[in-house]
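In what follows, a single structure is set out as structure tokens and then discussed.
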Amino acid sequence: MSLLLGCIADDFTGATDLAGMLVRAGMRTVQMIGVPQEPLPRDVDAVVIALKSRTTPPQEAVDESLAALEWLRNAGCRQFYFKYCSTFDSTDRGNIGPVTDALMTALGTDFTIACPAFPENKRTIFKGYLFVGDELLSESGMRNHPLTPMTDANLVRVLQRQTARKVGLIGHEVVARGAEAIAAHIEALKRDGIQIAIVDAVSNDDLMRIGAALAGMPLVTAGSGIALGLPQNFRKAGLLDEGAVADTLEVPQGLRAVISGSCSVATNAQVAHFIASGRPAFAIDPLRLANGEDLVSMALDWAAPLLADGPPLVYATAAPEAVKAVQARLGVERAGLLVEEALAGIAKGLVERGVRQMLVAGGETSGAVVQALGVHGLHIGPQIDPGVPWTTTLGATPLALALKSGNFGSVDFFTKAWSVLR
Ligand code: ADP
């Protein structure tokens, strides 16, 4: 059977999150790192192409997304999905608006939705306002994000600043009435000249209702949550087996390690929890990197004798004040790159020292790690926490990787994740 759903994700962990969701919903899914240069494995229902386009200049993000779309169209996908973060991570320059615009134009479609909601992970949208847990997006930790600080919770407003197309809203009062009401409302919005609609969603039931209304929509733009409601459409159309098991993995055996470059609230808590439980941890200080100190070698020498006794942690994770201080000294971009490069070098060194199972925290960080390891694609396996599945790398010497988006995972994520592999 041919590919059904072709997805373009704006960062690596976001791609894994989406792929995990599709696997959960019964679609056999692979994640490719960048536009694939090789044929896909057989027996795949959905493919997610992971780009690193969340914070690149908008034109670069557009060009890469269009190249990915072209590949997915040639592979025969029937529906396309642009995936961004469940906290709508972007700046006023983009890249959610510009990429959505370009994909719509390329597909010749005049309507799509925008819905980062992921209720299981406490990302809900009501009246167009995005909530993170009980807080508005703009009052959550996301207001301090190193690269994409989110200071406005009204997604209609946020997206409208990024696109010339008219942005509207499908409110919860419509969503609650079901797929037909949603479809009717979409027609009404179109008549008003609206081309992109933010969609309210506060529960998985909402996601299923929205999903049903998206059958046949050429392009969907969303976080990973919306993916829960799409496979039902393919099943209904007889294109996907009922009850197919999609999340089996062959687990590579070897040493374990954790790498963390995310500075999110959740990751800070996970690092603190790991250290408080008496496990070994090595801190990477960006200022020392900027001074030219070889922290990569130091971290590897430190980790080598510890690996046999369970996973050591190497982290740059720091509290917002510390991150701000470093950024003031080095600049946001330079600080980010220095840390990403160092952590990627350490990950590579750890694999050379026999690590075969690795947790990586941080979207950009995961991107850098996967690039350094030369990984081209991932088979998606069972979920550790919502949004974070275990994966195995495609290719000759497989590696088990869990790539965790900053804010995801329970506080004991770094210690509990391993039990899912068994
Ligand atoms: P998240 O998924 O939480 O957004 P990312 O890895 O995508 O995490 O982004 C975090 C960014 O912050 C990366 O560019 C990383 O290199 C950078 N960073 C990590 N630690 C520090 C630090 N201590 N000071 C400044 N920047 C840091």
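Whatever order the structure lists ligands and atoms in, that order sets their numbers, starting from 1. These numbers come from a predicted model, not from an experiment.
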Does ligand 1 come near enough to Pro286 that some N or O of the ligand is less than 3.5 Å from an N or O of the residue? no
Polar contact flag for Glu340 and ligand 1 (N/O pairs, less than 3.5 Å): yes
Distance only, no hydrogens: is a donor on one side chain within 3.5 Å (strictly under) of an acceptor on the other, for Asp205 and Ser203? no
List the closest protein heavy-atom neighbour of atom 16 (O) of ligand 1: residue, atom name, distance to the nearest 0.1 Å. Gly336 O, 2.9 Å
So is Gly363 polar-close to ligand 1, meaning N/O to N/O under 3.5 Å? yes
Before signing off on this row, confirm whether His145 and ligand 1 have an N or O atom pair separated by under 3.5 Å. yes
Which residue and non-hydrogen atom of the protein lie closest to atom 21 (C) of ligand 1, and at what distance in Å? Cys263 SG, 3.6 Å
Atom 6 (O) of ligand 1 - nearest protein heavy atom and its distance: Thr365 OG1, 2.7 Å
Which residue owns the protein heavy atom closest to atom 12 (O) of ligand 1, what's the atom, and how far is it? Pro146 CG, 3.8 Å
Which distance, rounded to the nearest 0.5 Å, do you find between the CG of Leu240 and the CG of Asn233? 10.5 Å
Can you find an N or O of Gln327 that's nearer than 3.5 Å to an N or O of ligand 1? no
Heavy-atom closest contact (Ala114 atom, Ile196 atom, distance): CB-CG2, 4.0 Å
Considering heavy atoms of the protein only, find what lies nearest to atom 23 (N) of ligand 1 and give residue, atom and distance to 0.1 Å. Ala316 O, 3.0 Å
Using the benzene-type ring in the case of Trp, are the ring centres of Phe82 and Tyr84 under 6.0 Å apart? yes
Between Trp302 and Phe282, how do the two ring planes meet: parallel, tilted or perpendicular, split at 30° and 60°? tilted
For ligand 1, find out whether one of its N or O atoms is nearer than 3.5 Å to an N or O atom of Lys404. no
Of all the non-hydrogen atoms in the protein, which one sits nearest to atom 10 (C) of ligand 1, and at what distance? Gly261 O, 3.5 Å
Rounded at 0.5 Å granularity, tell me how far CD1 in Ile259 sits from CZ in Phe414. 10.0 Å
Counting each atom of ligand 1 from 1 as listed, which ones have a heavy atom of Gly406 under 4.0 Å away? 1 (P), 2 (O), 3 (O)
Quick one: CE on Met142 to OG1 on Thr148, what's the gap to the nearest 0.5 Å? 4.5 Å
At what distance is the nearest protein heavy atom to atom 7 (O) of ligand 1, and which residue and atom is it? Glu364 N, 2.7 Å
Under 3.5 Å, is there a donor-acceptor pair between the Ser90 and Gln162 side chains? yes
Return the closest protein heavy atom for atom 3 (O) of ligand 1 as residue, atom name and distance. Ser262 OG, 2.7 Å
Heteroatom proximity flag, Ala335 to ligand 1, N/O under 3.5 Å: no
Could you tell me which atoms of ligand 1, counted from 1 in the order shown, lie closer than 4.0 angstrom to a heavy atom of Ala318? 23 (N)
How long is the straight-line distance from CD of Glu120 back to CG of Leu228, given to the nearest 0.5 Å? 6.5 Å
Looking only at side-chain N and O atoms, does Thr105 offer a donor or acceptor that is under 3.5 Å from a partner on Arg165? yes
Less than 4.0 angstrom from a charged side-chain N to a carboxylate O is my criterion; do Asp152 and Arg161 meet it? yes
